[in-house]
Amino acid sequence: MHKEAERLNDDIQNLLDATRINSEGIGARQSWIDPEDIISGALDRKQPLLQGRPVTLAVADDLPLVYADPALMERALGHIVENAVKYSPTGTPITISAQQGGDLMTIEVSDEGEGLAYGESELIFERFYRSPRVAGKTAGSGLGLWIARSLIEDGGGRIHAYSRPAGHGTTFRIDLPVKSQPASDESADD
Amino acid sequence: MTDAPPTVLIVDDEPQIRRFLKAGFDLESFTVLEEETGKAGLRTATLRQIDLIVLDLNLPDTDGASVVERIRTWSTVPIIVLSVRASDTDKVKLLELGADDYVVKPFSMAELLARARAAMRRHARGTQPDPVVKLGRLAVDLANRAVFLDSKRIVLSPKEYRLLQVLAQHAGNVVTHNVLLKEIWGARHLENGHYLRILVRRLRNKIERKPKQPAILVSELGVGYRLTSGADAD
């Protein structure tokens with residue numbers, strides 16, 4: 001009952017977010033944030049869903065700070081994590097990695113689900129899209145990935161999904177621009 | 001402190017939420033008072049001896065921020081705000097107006113009680129902080145400016161210690177980015193939020209078992225940081 005209420009609450013929040021994105025724009029409030037906080041925030045937010053699910057983190061040391069809206073990035077990543085949990089078998093691991101490559105910070109979320117069907121890698125980001133293989137079996141608003149992409153692209157980032165050979169899971173890759181790092185605190189050790 | 005059960009004032013216009021909160025606080029032996037509007041809440045807060053206020057952010061007659069602001073003109077009673085999740089700006093404003101903490105709907109009673117107890121403990125201490133704040137494997141000896149991890153003393157830079165000190169003084173409750181920036185670098189550096197992000201990372205490397213999955217110094221994204229006992233980690 002409580003879980004059902006929370007799911008309904010999530011669906012309503014997704015609808016509200018989607019309406020806001022469409023009508024008012026996203027209204028990002030950007031600041032320098034630690035990508036590790038985005039990852040741990042998203043995992044924390046999705047903790048009730050992750051119960052018992054092994055999560056492997058492969059986060060590089062000394063990641064750069066990113067200039068983004070912390071709440072929106074956390075929500076976007078939360079949608080991706082939720083998607084991974086929903087569409088992979090109970091008990092299989094979710095892997096989250098983060099690393100810098102040139103002027104991009106990349107966060108990848110991988111699951112060990114069925115993988116995407118041919119042609120679905122773009123369709124899944126469309127509003128209200130539900131894969132015929134899961135519609136009716138798994139609850140969902142069909143909005144989470146659309147919201148995630150809207151939030152990430154609004155912040156100058158990109159997201160795409162790809163599957164390894166059939167039956168070997170899906171990876172969502174988020175690329176965020178890395179700007180010149182802000183001047184450091186000269187007196188940090190004082 | 002007397003042995004009388006503490007009194008909590010719940011200000012929320014949703015009967016279901018009030019019923020849920022009342023049941024939870026009853027179980028913890030609180031005396032529970034309920035009001036549906038900000039105006040009625042303010043009146044009760046002035047007329048009765050209250051130990052804790054749980055205040056909904058969205059009230060029908062007035063916004064939670066103005067209720068917090070009014071109460072803070074005469075009282076330091078702990079105030080925990082109930083908020084919806086899409087309003088980080090409001091949360092920061094409420095904390096800076098003097099609310100002690102917030103929980104986001106839907107919340108668990110255990111989470112609310114933990115926040116409430118932390119705020120009530122700090123209020124009961126008044127201006128005299130506990131000499132030693134213990135959080136799981138971490139102990140902060142505020143009187144001697146010493147920090148211990150698994151009973152071994154660790155060395156922190158003065159700014160790392162200052163960060164830990166401010167958070168330890170509010171252990172269990174969130175402290176906003178602006179408050180931390182002001183306390184560590186001064187009011188001229190409120191725009192330099194990245195100083196804080198980098199300092200937090202350095203401190204986590206010294207006090208967390210897994211700095212990338214912090215269990216003690218946790219981030220409330222868009223709002224601030226909180227020291228926890230790390231009990232629910234791992």
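In the text below, chain A, chain B and the rest are named by the order of the sequence lines, each starting its count at 1. On a predicted model such as this, the values are computed, not experimentally measured, just so you know. All values below come from the heavy atoms of this structure, side chains included, with hydrogens, waters and symmetry mates left out.
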May I ask you to decide if the ring planes of Phe20(B) and Phe107(B) are parallel, tilted or perpendicular, using 30° and 60° as cut-offs? tilted

Would you mind checking which part of Arg204(B) comes under 4.5 Å of any heavy atom in chain A, side chain (CB onward), backbone (N, CA, C, O), both or neither? side chain

Go through the atoms of Tyr161(B) and report whether side chain, backbone, both or neither lie under 4.5 Å from a heavy atom of chain A. neither

Determine whether Phe125(A) and His160(A) satisfy the following criterion, ring-ring contact (aromatic ring centres under 6.0 Å, His included), listing intermediate values before the conclusion. CA-CA 9 Å; Phe125(A) 292 106; His160(A) 67 271; 8.6 Å; no

Backbone N/O of Leu149(B) and side chain of Arg137(B): donor-acceptor pair under 3.5 Å: no

Sub-4.5 Å side-chain heavy-atom contact between Ile107(A) and Asp175(A): no

Is any side-chain heavy atom of Leu59(B) less than 4.5 Å from a side-chain heavy atom of Thr37(B)? no

What part of Ala98(A) gets within 4.5 angstrom of chain B, counting heavy atoms only: side chain, backbone, both, or neither? neither

Counting only non-hydrogen atoms closer than 4.5 Å, does Leu43(A) touch chain B with its backbone (N, CA, C, O), its side chain (CB onward), both, or neither? neither

Less than 6.0 angstrom from the centroid, inside 45 degrees of the normal: does Arg127(A) satisfy that with respect to the ring of Trp146(A)? yes

Strictly less than 4.5 Å between heavy atoms, which residues of residues 53-68 of chain A line up against chain B? Please order them by number. Leu57(A), Val59(A), Ala60(A), Asp61(A), Asp62(A), Leu63(A), Pro64(A), Leu65(A)

Can you tell me how far the CG atom of Leu94(B) sits from the CG atom of Asp101(B), to the nearest 0.5 Å? 11.0 Å

If you measure from CE on Met120(B) to CG on Asn173(B), what distance do you get to the nearest 0.5 Å? 12.0 Å

